[in-house]
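My questions will all concern the structure given below.
Keep in mind that what you see is a predicted model, and the values were worked out from it rather than measured. All residue numbers in this chain count up from 1 along the given sequence.
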Amino acid sequence: MAIKTRTYSVVDGKREMTIDEFKRWLKKFDDDKDGRISRGELADAIRVSHGGWFTGRKSKRIIGLVDADRNGFIDDNEIKNLAEFAEKYLNVKILYL
């Protein structure tokens, strides 16, 4: 099943997407389909979006910062925290429409 997405625009060097597009993009990395994003799955997302080194360390740090219930996963209740982190540090602008 293909996920329909629009072509993302880039404004001031930031990739713009709605919160729903961000959630759909993130769920593509939920390999075990448990509805949560693990540290490894987040590392894959970082690797695909930014490339670069030390994605395991980066994902561990991000999980530590946005995982409100400290269970080691990002679930639907914490996606807003991750979106805020992405806006601040990952050149993403989230549009809340």
side-chain contact (heavy atoms from CB on, under 4.5 Å) between Lys80 and Phe85: does it pass, once the steps are laid out?
-> CA-CA 9 Å; Lys80 185 175 183 218; Phe85 183 91; over 6 Å; no
Sorted by chain and number, sequence neighbours left out, side-chain contact (heavy atoms from CB on, under 4.5 Å) with Ala83 holds for Ile19, Phe22, Ile94, Tyr96
dist Glu78:CD -> Ile63:CD1 (nearest 0.5 Å) comes out at 8.0 Å
**OP:** Mind telling me whether Phe29 and Trp25 have parallel, tilted or perpendicular rings, with 30° and 60° as the class edges?
**Re:** perpendicular
Ile37 and Leu26 have their tightest heavy-atom pair at CD1-O, 3.5 Å
Just do the side-chain contact (heavy atoms from CB on, under 4.5 Å) check on Glu41 and Arg39 with the steps written out, would you? CA-CA 6 Å; Glu41 292 164 341; Arg39 183 176 131 195; over 6 Å; no
Under 3.5 Å, sequence neighbours excluded: what are the donor-acceptor pairs made by side chains of residues 64-72?
{"residue": "Asp67", "atom": "OD1", "partner": "Arg70", "partner atom": "N", "Å": "3.3"}
{"residue": "Asp67", "atom": "OD2", "partner": "Asn71", "partner atom": "N", "Å": "2.9"}
{"residue": "Asp67", "atom": "OD2", "partner": "Gly72", "partner atom": "N", "Å": "2.6"}
{"residue": "Asp69", "atom": "OD1", "partner": "Asn71", "partner atom": "N", "Å": "3.3"}
{"residue": "Arg70", "atom": "NH1", "partner": "Gly64", "partner atom": "O", "Å": "2.6"}
{"residue": "Arg70", "atom": "NH1", "partner": "Asp67", "partner atom": "O", "Å": "2.8"}
{"residue": "Asn71", "atom": "OD1", "partner": "Phe73", "partner atom": "N", "Å": "3.0"}

Before accepting this row, confirm whether a basic side-chain N of the pair Lys27/Asp30 lies closer than 4.0 Å to the acidic partner's carboxylate O.
-> no
>> Between Glu21 (side chain only) and Thr18 (backbone N and O only), is there a donor and an acceptor less than 3.5 Å apart?
In response: yes
Candidate pair Arg15 and Lys93, rule side-chain contact (heavy atoms from CB on, under 4.5 Å), full reasoning: CA-CA 6 Å; Arg15 181 176 166 185; Lys93 178 162 178 59; over 6 Å; no
- Item | Lys88 atom NZ, over 12 foreign heavy atoms within 6.0 Å | no
Rounding to 0.5 Å, atoms CG (Asp34) and CG (Asp75) come to a distance of 10.0 Å
